S.K.: 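First the structure, which I've put down as structure tokens, then a few questions once you've had a look.
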2 protein chains.
Amino acid sequence: MPLPQTEAPGRLVAELLSRGVRMTRQRRTILSVIETASQHLDAAQILRRARKLDPGIDRVTVYRTIRLLKRHGLVDELDLLHLEGEKHYYERHPQRDHLHMACVRCGKILEFESDLFERLKGQIQRDCQFHILVTRVEIGGYCAKCRGNSTDLRSV
Amino acid sequence: MPLPQTEAPGRLVAELLSRGVRMTRQRRTILSVIETASQHLDAAQILRRARKLDPGIDRVTVYRTIRLLKRHGLVDELDLLHLEGEKHYYERHPQRDHLHMACVRCGKILEFESDLFERLKGQIQRDCQFHILVTRVEIGGYCAKCRGNSTDLRSV
DNA sequence: GCGTAATTGCAACGCTGTTGCAACTTCTGA
DNA sequence: TCAGAAGTTGCAACAGCGTTGCAATTACGC
Ligand SMILES: [Mn+2]
Ligand SMILES: [Mn+2]
Ligand SMILES: [Zn+2]
Ligand SMILES: [Zn+2]
């Protein structure tokens, strides 16, 4: 399920440089992996892909770069209901929020944008006096294909 | 922030018994801890509280009981944006879903129910043909008190 | 180019959660 | 009521994800 390619490549590098963050060879590589990914990637996947481009990169550097990007609000973290293990997944922080649906049977991840969700955020900011920085909506259930199938692998 | 006490105590025991699950001394203890909690508890907190009632209980039993409850859809898992460590938190699966707001500055957790969210779920089930079993909404930002305060501890 | 401050890689570590297994407990049904 | 099968427990060892300390290396403003 390819995600929409909403951002020009190199955007993460530019964004970090504009904030005075030093740019190393390793960071450029890791950023390009995250930026060009068509799915949500976990740290191990990011490492594998980064090593194809620059074999010396260490997993510690991947973790530190992810933390850097989170601190700057440039990537979002998901756990996709931890349907497989305790991994976390990363994606570019999108212009507009989207929700994640995870099929507990086949593992497929769907994404969904909704005006109703934008209104919900507005309601929260107003009613709770809460200033929203980041949102994370993960919904578990059965996708269209698996709906109706009987074998229940549910573990959430 | 005390959660609403929506269920009678002993409900989890009854629910599991009615599904043919064996009831042990250890399980009763762990279930009562989860059932009477006024906040979201992580596994280590559940273990500590359970040991006050029955010192022999092992952490493995806590983890196995949590997994049992998740499998039966009787507790929900949260990570509250992993604002502190990689812990996961547990709460009784509520009658009606609610959202979680986590203040990235003071760590306070707010809960919020909303008809808008119920409508959003309806939209998802219709538009995506997705049958919802569980939802998890975690929103990070500044609570009313911390809004306006300057020191930014943001790490999400 | 120089110097300082940031970043990297490596090794060791910490913490959350899982697994294998023998001893024990629950619960059924005779 | 109690014997036996099936399920559960505690212990120890393990696995995986993520972090930390530190010396060597690199970026970048001057
Ligand atoms: Mn996404
Ligand atoms: Mn998580
Ligand atoms: Zn499916
Ligand atoms: Zn706050």
Side-chain angles (χ1 to χ4, degrees), chain A residues 12-14 16-31 33-34 40-48 50-51 53-72 75 77-90 155-156, chain B residues 12-14 16-31 33-34 40-51 53-72 75-90 155-156:
Chain A
L12 285 177
V13 170
L16 285 175
L17 282 174
S18 81
R19 301 180 192 203
V21 173
R22 292 198 184 174
M23 199 46 55
T24 63
R25 183 170 45 83
Q26 294 91 329
R27 276 189 186 159
R28 279 180 207 280
T29 304
I30 294 166
L31 298 180
V33 166
I34 292 173
H40 308 96
L41 300 179
D42 63 36
Q45 290 172 307
I46 294 171
L47 175 63
R48 267 196 304 280
R51 278 194 159 152
L53 303 169
D54 180 351
I57 292 181
D58 194 83
R59 39 184 229 110
V60 174
T61 303
V62 169
Y63 281 115
R64 288 199 270 232
T65 303
I66 289 170
R67 209 168 18 164
L68 177 74
L69 290 167
K70 280 205 289 178
R71 231 180 312 148
H72 283 270
V75 301
E77 185 179 71
L78 302 169
D79 55 30
L80 301 179
L81 301 177
H82 288 308
L83 252 31
E84 43 172 326
E86 302 292 308
K87 306 179 215 291
H88 291 105
Y89 299 87
Y90 302 91
S155 69
V156 171
Chain B
L12 285 178
V13 170
L16 286 176
L17 282 174
S18 81
R19 301 180 191 203
V21 172
R22 292 203 181 170
M23 199 44 57
T24 63
R25 185 171 43 83
Q26 294 91 328
R27 277 189 185 160
R28 277 179 208 282
T29 304
I30 293 167
L31 298 180
V33 167
I34 291 174
H40 308 96
L41 301 178
D42 63 38
Q45 289 172 309
I46 294 172
L47 175 62
R48 268 198 303 280
R49 293 184 185 200
R51 278 193 158 150
L53 304 169
D54 180 351
I57 292 181
D58 194 83
R59 41 185 227 107
V60 175
T61 304
V62 170
Y63 281 114
R64 288 198 271 232
T65 303
I66 289 170
R67 210 168 18 164
L68 176 75
L69 290 168
K70 280 205 288 179
R71 231 179 312 143
H72 283 270
V75 301
D76 289 340
E77 185 178 73
L78 301 169
D79 55 29
L80 301 179
L81 300 177
H82 288 308
L83 252 32
E84 42 171 327
E86 302 292 304
K87 307 177 215 289
H88 291 106
Y89 299 87
Y90 301 91
S155 68
V156 172

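Note that this is a predicted model, so its numbers are computed, not measured. Every chain is numbered from 1 and lettered A, B, ... according to where its sequence line falls, protein lines coming before strand lines.
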S.K.: Rounded to the nearest Å, what distance is computed from the CD atom of residue Glu86(A) to the C1' atom of nucleotide dT18(C)?
M.R.: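 Atom CD in Glu86(A) sits about 10 Å away from atom C1' in dT18(C).
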
S.K.: For Leu53(A), check side chain to side chain contact (heavy atoms under 4.5 Å, CB included) against everything at least two apart and list the hits.
M.R.: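 With neighbours one apart ignored, the set is Thr29(A), Ser32(A), Val33(A).
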
S.K.: What is the distance from atom CG of Leu80(A) to atom NE2 of His40(A), rounded to the nearest 0.5 Å?
M.R.: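 Between atom CG of Leu80(A) and atom NE2 of His40(A) there are 6.0 Å.
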
S.K.: Please enumerate all residues that pass side-chain hydrogen bond (donor to acceptor under 3.5 Å, both in side chains) together with Asp76(B), with sequence neighbours excluded.
M.R.: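 If we apply the side-chain hydrogen bond (donor to acceptor under 3.5 Å, both in side chains) test to Asp76(B), skipping adjacent residues, the hits are His93(B).
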
S.K.: Please report, rounded to the nearest Å, how far the P atom of dT8(C) is from the CG atom of Leu47(A).
M.R.: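 Taking atom P of dT8(C) as the reference, CG of Leu47(A) is at 13 Å.
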
S.K.: The helix from dG1(C)-dC30(D) to dA30(C)-dT1(D): angle between its terminal axes, five pairs each, to 10°?
M.R.: 40°

S.K.: Under the side chain to side chain contact (heavy atoms under 4.5 Å, CB included) test, which residues partner Asp58(B), sequence neighbours left out?
M.R.: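 In terms of side chain to side chain contact (heavy atoms under 4.5 Å, CB included), with neighbours along the sequence ignored, Asp58(B) is linked to Val60(B), Thr61(B).
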
S.K.: What is the distance, to the nearest angstrom, from the OH atom on Tyr89(B) to the P atom on dG17(C)?
M.R.: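 Going from Tyr89(B) (OH) to dG17(C) (P), I get 10 Å.
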
S.K.: Applying side-chain hydrogen bond (donor to acceptor under 3.5 Å, both in side chains), name anything that partners Arg51(A), two or more places apart in sequence or on another chain.
M.R.: none

S.K.: So where does chain B start and stop touching DNA chain D, 5' to 3', when the test is distance under 4.0 Å to a non-hydrogen atom?
M.R.: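 Under 4.0 Å from chain B, the extent on DNA chain D is dA6(D) to dG18(D).
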
S.K.: Under 3.5 Å, which protein N or O atoms sit close to an N or O of nucleotides 26-29 of chain C? Give each pair with its distance.
M.R.:
{"residue": "dT26(C)", "atom": "O2", "partner": "Arg22(B)", "partner atom": "NH1", "Å": "2.5"}
{"residue": "dC27(C)", "atom": "OP1", "partner": "Met23(B)", "partner atom": "N", "Å": "3.1"}

S.K.: I need the CZ-P distance between Arg64(A) and dA11(C), as an integer number of Å.
M.R.: 14 Å

S.K.: Just call it for Ala44(B): base, sugar-phosphate, or nothing, with non-hydrogen atoms closer than 4.0 Å on any strand.
M.R.: nothing

S.K.: Applying side chain to side chain contact (heavy atoms under 4.5 Å, CB included) to Ile30(A) and Ile46(A), what does each step give before you reach the verdict?
M.R.: CA-CA 7 Å; Ile30(A) 294 166; Ile46(A) 294 171; 4.0 Å; yes

S.K.: With sequence neighbours left out, write down each residue that passes side chain to side chain contact (heavy atoms under 4.5 Å, CB included) with Arg59(B), or none if nothing qualifies.
M.R.: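 Counting only residues at least two positions away or on another chain, Arg59(B) forms a side chain to side chain contact (heavy atoms under 4.5 Å, CB included) with Leu47(B), Tyr63(B).
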
S.K.: Under a 4.5 Å cut-off applied to non-hydrogen side-chain atoms, are His82(A) and His88(A) in contact?
M.R.: yes

S.K.: Suppose we screen for side-chain hydrogen bond (donor to acceptor under 3.5 Å, both in side chains). Which residues come up paired with Arg27(A), at least two apart in sequence or across chains?
M.R.: none

S.K.: Expressed as a whole number of angstroms, how long is the span from His82(B):NE2 to dC15(C):P?
M.R.: 16 Å

S.K.: Please list, chain by chain and in numerical order, all residues satisfying side chain to side chain contact (heavy atoms under 4.5 Å, CB included) with Ala14(B), sequence neighbours excluded.
M.R.: none

S.K.: Check side-chain hydrogen bond (donor to acceptor under 3.5 Å, both in side chains) between Glu77(A) and all other residues, then give those that pass, not counting sequence neighbours.
M.R.: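 side-chain hydrogen bond (donor to acceptor under 3.5 Å, both in side chains) check on Glu77(A) returns Lys70(A), Tyr90(A).
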
S.K.: At what distance, to the nearest 0.5 angstrom, does CG of Leu12(A) lie from CE of Met23(A)?
M.R.: 9.0 Å

S.K.: Where along residues 54-62 of chain A does a heavy atom come under 4.0 Å from DNA chain D, residue by residue in number order?
M.R.: Arg59(A), Val60(A)

S.K.: Check whether any side-chain heavy atom of Leu31(A) sits under 4.5 Å from a side-chain heavy atom of Leu16(A), and report yes or no.
M.R.: yes

